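Please read the structure below before turning to the comments.
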2 protein chains.
Amino acid sequence: MVQHLQAHFDAAFAALSDVTRRGVLEQLGRADASITNLAERFEMTLTGMKKHVGVLEQAGLVVTEKVGRVRTCRLGRCRLAEEAAWIERYRRLWEARFDELDTVVEELTRKEKAHGRKRRQ
Amino acid sequence: MVQHLQAHFDAAFAALSDVTRRGVLEQLGRADASITNLAERFEMTLTGMKKHVGVLEQAGLVVTEKVGRVRTCRLGRCRLAEEAAWIERYRRLWEARFDELDTVVEELTRKEKAHGRKRRQ
DNA sequence: TAAATACTGAACCATATGGTTCAGCATCTC
DNA sequence: GAGATGCTGAACCATATGGTTCAGTATTTA
């Protein structure tokens, strides 16, 4: 279960680590699109775009459906909820860590003052 | 400026896309650590761990300082604020997109009801 | 000063990534 | 049915990734 989550994190963050793919997600947020649409908009070959869509699909961020000869891409069920939560947890950790550091610095400063000038170089 | 931000996104999300690196960040949230510390905890060679730390450092998530023979790693100034914001924006987009879809579905359902049974196969 | 510790760099390896071209194969459209 | 359209798969390419080993160098420590 945990491994499963971790694998999902790997896939989702990796999917987001490319500027084209982030662009595709934003685009699909505005309207569904075919592979051709996306390839044109991002100025690359169909094959190249299909690979990006594949990565996004693998991560659950996009779903596609082929009807006739055109494959339509739309946003998938993955809403990045866990990913957002992970980052939020990290941010709290970060803050706690630096509050702690502030305390240490403050403590040192306090001691410095208490012990006076004799410590100065 | 935008390119700069995009490059940062690339680096940050890529850094987060590995389970070991996410673990290192969580670890450093608890306490600073040397390369040796981290390598032991994550059961890999010093060289391997150093590469991971390098990636995290590149992304600004970690800073390191070598004093004597030990290099200490701690959390860097990057707090993933923009990344969190990006994801939140995406989530709102996602919801808007699906609300819209709901409206369409609702609309269809309404029409279906209005036009009655004659349409049914 | 010798041995242990901590890191570093180069070299290597397998696999992944981000792209391309080219040759299909369906499916529309005329 | 012929041609245009849209996608697909294989093959290729350069570079990156996630690891390793091995041979150092620098710094403690005994």
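Values below: all heavy atoms of this structure, side chains included; hydrogens, waters and symmetry mates excluded. Only a predicted model underlies this, so the values are computations on that prediction, with no experimental measurement involved. The chains referred to below are lettered A, B, ... by the order of the sequence lines, with proteins before strands, and numbering in each begins at 1.
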Calculate the interatomic distance between A:D10 atom CG and C:dT17 atom C1'; express it in whole Å. 15 Å
Grab the CG-C1' distance between B:L38 and C:dA6 for me, whole Å please. 13 Å
As an exercise, state the distance from CZ of A:R41 to CD of A:Q27, rounded to the nearest 0.5 Å. 3.5 Å
Roughly, in whole Å, what's the span from CE in A:M44 to C1' in C:dT17? 12 Å
Heavy atoms only: give me the nearest A:I87-B:E83 pair and the separation to one decimal. CD1-CB, 4.3 Å
Do the side-chain N or O atoms of A:K51 get closer than 4.0 angstrom to the phosphate oxygens (OP1, OP2) of C:dG18? no
Taking every heavy atom of B:L93 against every heavy atom of A:E26, the minimum-distance pair comes out as CD2-O, 3.7 Å
Without swapping roles, check the side chain of B:D10 against the backbone of B:A7 for a donor-acceptor pair under 3.5 Å. no
Please state whether the phosphate of D:dG19, meaning OP1 or OP2, lies under 4.0 angstrom from any side-chain nitrogen or oxygen of B:H52. yes
Write down the distance between CD (A:Q58) and P (C:dG18), rounded to a whole number of angstrom. 13 Å
Taking all non-hydrogen atoms of both residues, which atom of A:A14 and which atom of B:S17 are closest, and how far apart? N-CB, 3.5 Å
Tell me the interatomic distance from A:I35, atom CD1, to D:dT5, atom C1', rounded to whole angstroms. 14 Å
Which whole-number value in Å describes the distance from B:F13 CZ to D:dT17 P? 16 Å
Mind checking the CD1-CZ spacing from B:I35 to B:R71? Nearest 0.5 Å is all I need. 6.5 Å
Once you apply a heavy-atom cut-off of 4.0 Å, does B:L46 come out as touching a base, just sugar-phosphate, or nothing? base
Out of C:dT8, C:dG18, D:dG9, which has the shortest distance to the side chain of A:K50? D:dG9
By nearest-nucleotide position on DNA chain C, the 5'-leaning member of B:N37 and A:T20 is B:N37
Rounding to a whole Å, what distance do you find between B:E43:CD and D:dG18:P? 18 Å
When you get a sec, tell me which of D:dG19, D:dT8, C:dG19 is the closest nucleotide to the side chain of B:D18? D:dG19
Can B:E88 and B:R91 be said to form a salt bridge (charged side-chain N to carboxylate O under 4.0 Å, His left out), step by step? CA-CA 5 Å; B:E88 269 321 303; B:R91 285 163 62 68; 3.3 Å; yes
Just by protein heavy atoms under 4.0 Å, how would nucleotides 21-30 of chain D read 5' to 3' in B, S and -? BB----BS--
OP1 or OP2 of C:dG18 versus the side-chain N and O atoms of A:R21: is any pair under 4.0 Å? yes
Relative to the 5' end of DNA chain D, which residue comes earlier, B:M49 or A:R71, by the nucleotide with the nearest heavy atom? A:R71
